[in-house]
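Letters A, B, ... are given to chains in the order of the sequence lines, protein chains preceding strands, and every chain is numbered from 1.
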There are 2 protein chains.
Amino acid sequence: MAQHPDTVTRILDTAEVLFAERGFAETSLRNITSKARVNLAAVNYHFGSKKSLIQAVFARYLDPFTVRFHTALDELEARHEGGVIPLEELLETMARSVLEVPAERHSLKVFMRLLGLAYSQAQGHLRRYIQEQYGSVFTRFTELVRRATPELPDAERFWRLHFMLGTVIFTLSGLDALRDIAEKDYGEHVSVRDLVRRLRPVVVAAMNAPLPEPLPAQREAG
Amino acid sequence: MAQHPDTVTRILDTAEVLFAERGFAETSLRNITSKARVNLAAVNYHFGSKKSLIQAVFARYLDPFTVRFHTALDELEARHEGGVIPLEELLETMARSVLEVPAERHSLKVFMRLLGLAYSQAQGHLRRYIQEQYGSVFTRFTELVRRATPELPDAERFWRLHFMLGTVIFTLSGLDALRDIAEKDYGEHVSVRDLVRRLRPVVVAAMNAPLPEPLPAQREAG
DNA sequence: TCTGATTAGAAACAATTGTTTGAACGCTAC
DNA sequence: GTAGCGTTCAAACAATTGTTTCTAATCAGA
């Protein structure tokens, strides 16, 4: 599919930035091709459609992440010889895998923003694509988390994992805006690693929170 | 501006649903007017532009919310006679105020989805509008939280509040997708109120988490 | 019932969208 | 060199977008 790397790469580099800044529907192919100084037809020629371009942008981040995360989990399982891996180590490993990807690719901010868009933006095809393509590594991870937290009911663990996913994606994808506010209010410049440091105890405490009181009799509306 | 309530209301009712389902850019005025069985020109006649329509949709939720939240905080402060209000009560009050709005208006799902879109969707005008229009009540809230958590450094509290904001908005705005997964995996249907019940102990635990270990000497990259 | 302002409606507007076309270019292999 | 291939390019495509215009209908107050 991709022969002449310059055009394809320039399209992807430009597209990921514009998508992250403005969303998918708000970014036209002409925006991308003009900023990338590439002919308009090049996108449809190399990628086939705008949808496929969006998926390609994601794949360029998620493919290396999946590889890294799988091998990191391999090492972790080997080190514990089939025993239960503590929750802290699992979370630590995931965080490290996420942080390593943009070190070789581009900005972590873009990566996180794209993840946020994948959830919030309607774009049914994207969610389906990500689910099909990268669902397995998450299944593996959640299974390990299950063994690390046997006291949690399955549903409760599911929701808490997604709560924490929301925390991380929301924070890191809106980082620029939040950082501006934080600097203005506290004069303190926060790095991504500083934020991850702050996130760690919060996420652990959230996962270990006491169980909610059961609902009374389920009287419901709305 | 609005005389004949039927048309204006039908537009707003339809628009909020479509916006929540598909986002702003993905929802055309023709989608709205045809589903609302209203003439296309009615939107521009009654609201002036699509942007103004979007803001009107938000105002219909945020105006009553702001009123309710302010009076709820008034009562809370009166009840504590100038003393410190415990964190749990502050969070509880905010949750109740959020939940009460759609009871008189429409669905909480729509409300949350709209909030999520306001953050994730680029739509600079929207964030500015919300900030200007409804920023004061949040300033009041965070000041009360500050008094309730004197042991937290200011920066730490700032970040933890935004972590939790991310958790709630991310979860409730992506509710449909998550609900599909949860139902498929656990057969269990979750209501919004059920989710709020699950969120409560998690948020409290996160806010009360131990402080992160200070960074060592700031060796840093990326 | 006539008058005057407000709302509804059909049609057209210009602009922008993703996509397709067909000719021109640049290259390697014969 | 030239045939064949992959790539670039300008142009056009049809469809859809938000907005405007102008006419018809509606309804209140005299």
Inset, instruction - Go along nucleotides 15-27 of chain C 5' to 3' and tag each nucleotide: B for a protein heavy atom under 4.0 Å from its base, S when only backbone or sugar atoms are that close, - otherwise. - result: --BBBBB------
Inset, instruction - Could you check whether the rings of A:Phe69 and A:Phe65 sit parallel, tilted or perpendicular, using 30° and 60° as the cut-offs? - result: parallel
Legend entry - Residue among B:Arg60, B:Arg113, B:Lys109 satisfying salt bridge (charged side-chain N to carboxylate O under 4.0 Å, His left out) with B:Glu16: B:Arg60
Inset, instruction - For B:Asn39 and D:dT19, give me the distance from atom CG to atom C1', rounded to whole Å. - result: 13 Å
Inset, instruction - Check whether any side-chain nitrogen or oxygen of A:His46 sits under 4.0 Å from OP1 or OP2 of D:dG6, and answer yes or no. - result: no
Inset, instruction - Give the minimum heavy-atom separation between A:Ala155 and B:Arg198, together with the two atoms involved. - result: CB-NH2, 4.0 Å
Inset, instruction - For residues A:Phe111 and A:Tyr61, establish whether the separation of their ring centroids is below 6.0 Å. - result: yes
Legend entry - B:Asp13 and B:Arg10 ion-paired at < 4.0 Å: no
Inset, instruction - Please state whether the phosphate of D:dT8, meaning OP1 or OP2, lies under 4.0 angstrom from any side-chain nitrogen or oxygen of A:Thr7. - result: yes
